[in-house]
Every structure is written in structure tokens, then in C-alpha cells.
Amino acid sequence: MSGGVEWALHCCVVLTTSDEAVPAARLAELHEVSGSYLAKQLQALSRAGLVHSTQGKSGGYALTRDPETVTVLDVVHAVDGAGPAFVCTEIRQRGPLATPASACTTPCAIARAMGAAEAAWREALAAITIADLARDVDSDYGPRALAGIRTWLTAKDD
């Protein structure tokens with residue numbers, strides 16, 4: 001999983017705090033990350049329909065759906081794609097003791113183990129929403145954590 005997933009998830013949680021679009025530059029400043037790097041993650045979220053952007057002076061990004069309906073897996077798919085994390089290359093069919101392809105009609109033990117692990121991972125990520133993460137932020141850091149972020153986001157630079 002790429003680091004972009006982490007940044008995208010943080011941005012989605014932050015976007016739950018605002019009723020207005022949040023400028024990408026403000027999100028980058030909040031997270032102390034390169035604006036161009038964060039823009040790539042926001043564009044991926046936008047292409048997936050998880051956020052929308054508005055142009056202009058009061059433009060920025062906002063969630064397109066209720067945070068209760070956006071899962072961590074949705075964000076992973078948006079940023080890293082929906083392809084499998086493990087791809088079997090049929091190593092067992094190589095080398096001096098290669099198993100003939102005709103004998104490889106079912107996945108090997110390694111492919112089965114990795115497939116089961118990935119299925120469990122995806123199931124776990126699909127069970128966690130952006131709203132769950134936002135609740136956890138307040139639970140972990142106090143009920144004023146996200147409110148403080150909201151205040152900071154809407155503060156005007158002097």
C-alpha cells in the first residue's frame with residue numbers, strides 16, 4: 001500500500017469537519033506535505049468520485065458522500081487501484097524440478113494463503129468508514145480534536 005493512501009485518508013477525515021470546500025493548499029499546510037504530492041492523492045479521490053473540487057477563490061475539496069458510506073477500502077482503491085496486492089507468478093512451474101502447467105490446475109498453498117489474507121484485509125478495510133476514523137480521532141485525542149481542525153481550516157491568514 002502506498003503512502004498516498006495514508007494522506008488521502010487523513011484528508012477525508014479532515015474534510016468531515018468542514019461544511020465548505022477546503023483548499024488543497026490548506027490541507028497540504030495542515031499535514032506539512034508537498035502541495036503537488038497531496039494534489040495527486042486528491043485527484044485520485046476525485047476521479048473515484050469520493051471528493052469533488054470546486055474552482056475559484058472559495059474553491060477546494062469536499063466529500064461527495066456521507067462519511068458513513070465511504071470506506072477505507074474505497075480510498076485504497078481510489079489511490080492504489082483495485083488490483084490484487086499479491087499476484088502469483090507460478091514459480092512452481094520454473095526451474096529444474098518445474099511442475100508441468102497441466103498439473104497446476106489449482107492455486108498452490110502460497111497463493112491460497114496470500115489470497116485468503118488479502119480477502120480478510122479487504123473485508124476489514126471495507127468495514128471501516130471515514131466516519132469511524134473521525135470518531136476515533138475524537139476518541140483518541142479528545143472531543144475537541146476535530147473541532148480544532150475545523151477552526152484552523154476556517155481561520156483566515158493574516
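Just the heavy atoms: all of them, side chains too, but no hydrogens, waters or symmetry mates, feed the values below.
For H77 and R122, the side-chain atoms include at least one donor-acceptor pair closer than 3.5 Å. For D66 and T69, the side-chain atoms include no donor-acceptor pair closer than 3.5 Å. A donor atom on one side chain and an acceptor atom on the other are found under 3.5 Å apart for D132 and T129.
Across all their heavy atoms, A78 and L50 have their closest contact at CB-CD1, 4.0 Å. The two residues G59 and A21 come nearest to each other via the heavy atoms C-CB, 4.1 Å. Shortest non-hydrogen contact noted between T71 and L125 is CB-O, 3.9 Å. The minimum heavy-atom distance linking T16 with A134 is given by the pair OG1-CB, 3.9 Å. Heavy atoms only, all atoms of each residue included: S2 and D80 are closest at OG-OD1, 2.6 Å. Smallest separation of non-hydrogen atoms from A155 and R26: O-NH2, 3.3 Å.
With C11 as reference, H31 is the one residue of E6, H31, Q41 to meet the side chain to side chain contact (heavy atoms under 4.5 Å, CB included) rule.
Distance alone, capped at 3.5 Å, places no donor-acceptor pair between the S53 side chain and the Y61 backbone. No donor-acceptor pair under 3.5 Å is formed between the side chain of R150 and the backbone N or O of A145. Between the side chain of Q93 and the backbone N or O of T99 there is no donor-acceptor pair closer than 3.5 Å. With hydrogens and angles disregarded, a donor-acceptor distance shorter than 3.5 Å links the side chain of T151 to the backbone of A147.
For I110, the CD1 atom counts as loosely surrounded, since its 6.0 Å shell holds 12 or fewer non-hydrogen atoms of other residues, nucleotides or ligands. At most 12 heavy atoms of other shown residues, nucleotides or ligands fall within 6.0 angstrom of atom CG in D19.
No continuous path of ILVMFWY side-chain contacts below 4.5 Å connects F86 to M1, so the two sit in separate hydrophobic clusters. Residues M114 and L73 fall into different hydrophobic clusters, defined by Ile, Leu, Val, Met, Phe, Trp and Tyr side chains chained together at heavy-atom separations under 4.5 Å.
In this structure, CD on E32 lies 13.0 Å from CG on L38, to the nearest 0.5 angstrom. Interatomic distance, I149 CD1 to S18 OG, rounded to the nearest 0.5 Å: 11.5 Å. Interatomic distance, R112 CZ to T106 OG1, rounded to the nearest 0.5 Å: 6.0 Å. Here the OH atom belonging to Y37 is positioned 11.0 Å from the CG atom belonging to L42, to the nearest 0.5 angstrom. Between the CG atom of L146 and the CH2 atom of W152 there is a distance of 14.0 Å, given to the nearest 0.5 Å. Going from atom CG of L63 over to atom CG of L45 covers 9.0 Å, rounded to the nearest 0.5 Å.
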Step-by-step side-chain contact (heavy atoms from CB on, under 4.5 Å) determination, S46 to H52: CA-CA 5 Å; S46 181; H52 72 281; 5.6 Å; no

Worked check of side-chain contact (heavy atoms from CB on, under 4.5 Å) between I130 and V75: CA-CA 9 Å; I130 297 303; V75 175; 4.2 Å; yes

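For the pair D74 and R65, the minimum side-chain heavy-atom distance is below 4.5 Å.
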